[in-house]
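The model shown is predicted, which means the values in this text are computed figures rather than measured ones. Residue numbers begin at 1 in each chain, while the letters A, B, ... track the order of the sequences. The figures here come from the full heavy-atom set of this structure, side chains too, leaving out hydrogens, waters and symmetry mates.
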2 protein chains.
Amino acid sequence: MAPVKVADELCTLSLPAALLGERWTLLLLRQAFLGTRRFEDFQTEMDISRSVLTERLGTLVEEGILRREAYKDVRTRYEYRLTEKGLELYPVLMALRKWGDRWMSPAEGPSFDVHHRTCGGDIGVHVSCEGCGAELTARDVRVTPLRDSRA
Amino acid sequence: MAPVKVADELCTLSLPAALLGERWTLLLLRQAFLGTRRFEDFQTEMDISRSVLTERLGTLVEEGILRREAYKDVRTRYEYRLTEKGLELYPVLMALRKWGDRWMSPAEGPSFDVHHRTCGGDIGVHVSCEGCGAELTARDVRVTPLRDSRA
DNA sequence: CCCCTTGGGTTCGGATTCCGAACCCTAGCT
DNA sequence: AGCTAGGGTTCGGAATCCGAACCCAAGGGG
């Protein structure tokens with residue numbers, strides 16, 4: 001396997017990585033998937049500073065991962081909800097959690113569990129070949145540089 | 001869906017998130033999966049400063065995701081290679097790339113492609129129920145707090 | 001009518017982290 | 001004897017982070 005130099009601005013892994021690799025962003029998304037929607041709730045549930053929270057919510061909205069939506073309580077308030085684009089990050093979060101369960105689980109066990117809503121089954125994340133259906137590991141995959149490779 | 005407050009130190013999502021959510025770490029892992037092994041190669045391929053690279057390689061070794069191994073060139077040099085624990089991060093990276101392909105692909109298309117080594121098929125990442133086999137989205141999943149939940 | 005509370009922010013200064021450039025060390029090569 | 005290559009460490013300035021304090025508008029209570 002020869003090392004491959006890729007142009008980061010064209011790499012569909014480094015682009016999302018730059019986004020999610022910012023501090024707090026992954027935790028914020030976890031909370032969003034757990035159902036948190038309001039500024040105040042994010043703030044108290046995550047112990048994040050308000051200024052950083054404002055900034056992170058802002059970039060996620062700019063990126064189209066969250067949508068800022070007015071709603072009426074007693075007067076107009078705002079909610080941050082996952083968009084379709086945001087909801088599709090679910091496999092990333094689940095893959096991360098699966099790995100965390102396996103390799104970083106604290107002695108007391110994880111703090112929450114997830115199951116299939118209708119049948120109660122365990123949840124799995126699988127990398128597989130769309131052609132032959134085989135389950136794949138890193139070693140079963142061939143990487144083909146398309147442009148800008150200078151080994 | 002009531003908001004759930006979880007203890008971060010016990011959350012098997014936030015633990016890995018804290019690690020991978022550090023700047024450079026995801027890119028470093030991408031390079032590792034692309035076959036990069038030596039300090040110098042990481043440095044020139046990623047345009048990361050040497051001091052930060054030292055530090056990141058260090059934490060990944062401490063965490064058992066990379067292994068620092070001596071080898072003989074003309075004299076003793078070191079390689080950083082993925083451990084089993086590191087290799088199992090593959091689904092995370094693939095899920096991220098899949099999402100990047102779909103939502104952040106630059107106009108010119110991605111900079112590299114991946115395929116099943118033996119049959120050439122496309123690669124998919126799927127979240128599914130281990131019980132009934134159904135493919136799942138965020139909405140099909142029930143979250144059960146085990147401890148420390150104070151809605 | 002005035003003050004208090006609530007949600008959703010903004011501003012500020014100090015503490016951390018990042019990062020580039022320069023330096024270090026050891027073996028082998030010429 | 002000096003040069004190079006690999007793999008680092010050190011340093012100081014620049015960019016981020018973060019907590020605490022502040023702001024503001026609309027109800028509600030007295």
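- Atom CZ of A:Phe39 is separated from atom P of C:dG7 by 12 Å (rounded to the nearest Å).
- Rounded to 10 degrees, the angle separating the terminal helix axes of the helix from C:dC1-D:dG30 to C:dT30-D:dA1, each built from five base pairs, is 20°.
- Spacing between atom CD of B:Glu22 and atom P of C:dT17 amounts to 9 Å, rounded to whole angstrom units.
- For the segment residues 53-62 of chain B, the set of residues with a heavy atom within less than 4.0 Å of an atom of DNA chain D comprises B:Thr54, in numerical order.
- Within the structure, every side-chain polar atom (N or O) of A:Tyr71 is placed at least 4.0 Å from both OP1 and OP2 of C:dG7.
- Between the OH atom of B:Tyr78 and the C1' atom of C:dA27 there is a distance of 13 Å, rounded to whole Å.
- Qualifying side-chain hydrogen bond (donor to acceptor under 3.5 Å, both in side chains) partners for B:Glu62, counting only residues two or more places apart in sequence or in other chains: none.
- Checking C:dC19, D:dG7, C:dG9 against the side-chain heavy atoms of A:Arg68 singles out C:dG9 as nearest.
- Put simply, B:Trp24 has no side-chain N or O that comes within less than 4.0 Å of OP1 or OP2 on C:dC18.
- As rounded to whole Å, 13 Å separates atom P of C:dG8 from atom CZ of A:Arg37.
- With sequence neighbours excluded, no residue forms a salt bridge (charged side-chain N to carboxylate O under 4.0 Å, His left out) with B:Arg142.
- For residues 88-97 of chain B, the salt bridge (charged side-chain N to carboxylate O under 4.0 Å, His left out) pairs, not counting sequence neighbours, are A:Arg102-B:Glu88, B:Arg97-B:Asp101.
- Not counting sequence neighbours, the partners of A:Tyr90 by the ring pair (Phe, Tyr, Trp, His ring centres under 6.0 Å) test are A:Phe33.
- Remark: B:Glu63 pairs with no residue by the salt bridge (charged side-chain N to carboxylate O under 4.0 Å, His left out) rule, at least two apart or across chains.
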Protein-to-nucleotide contact annotation, 5' to 3' order, nucleotides 19-26 of chain D [B base; S sugar-phosphate only; - none; under 4.0 Å, heavy atom]: B-----BB
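- A:Thr12 approaches B:Ser105 most closely through the heavy-atom pair CG2-CA, 4.0 Å.
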Salt bridge (charged side-chain N to carboxylate O under 4.0 Å, His left out) assessment of B:Arg38 paired with B:Glu40: CA-CA 5 Å; B:Arg38 323 236 288 237; B:Glu40 294 293 303; over 6 Å; no
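- B:Thr59 is linked by a side-chain hydrogen bond (donor to acceptor under 3.5 Å, both in side chains) to nothing, counting only residues two or more places apart in sequence or in another chain.
- Taking B:Glu130 as the reference, nothing meets the salt bridge (charged side-chain N to carboxylate O under 4.0 Å, His left out) condition, with sequence neighbours excluded.
- Applying the side-chain hydrogen bond (donor to acceptor under 3.5 Å, both in side chains) test to B:Arg68 and every residue at least two apart in sequence or in another chain returns B:Tyr80.
- Regarding B:Leu28, its CG atom lies at a distance of 13 Å from the P atom of C:dC18, rounded to whole Å.
- In this structure, CD of B:Gln43 is placed 12 Å from P of D:dG7, rounded to the nearest angstrom.
- At the phosphate of D:dG6, neither OP1 nor OP2 sits under 4.0 Å from any side-chain N or O atom of B:Tyr80.
- Scored by the salt bridge (charged side-chain N to carboxylate O under 4.0 Å, His left out) test, A:Glu69 finds A:Arg67 as partners (sequence neighbours excluded).
- Distance B:Phe42 CZ to C:dC19 C1': 19 Å, rounded to the nearest Å.
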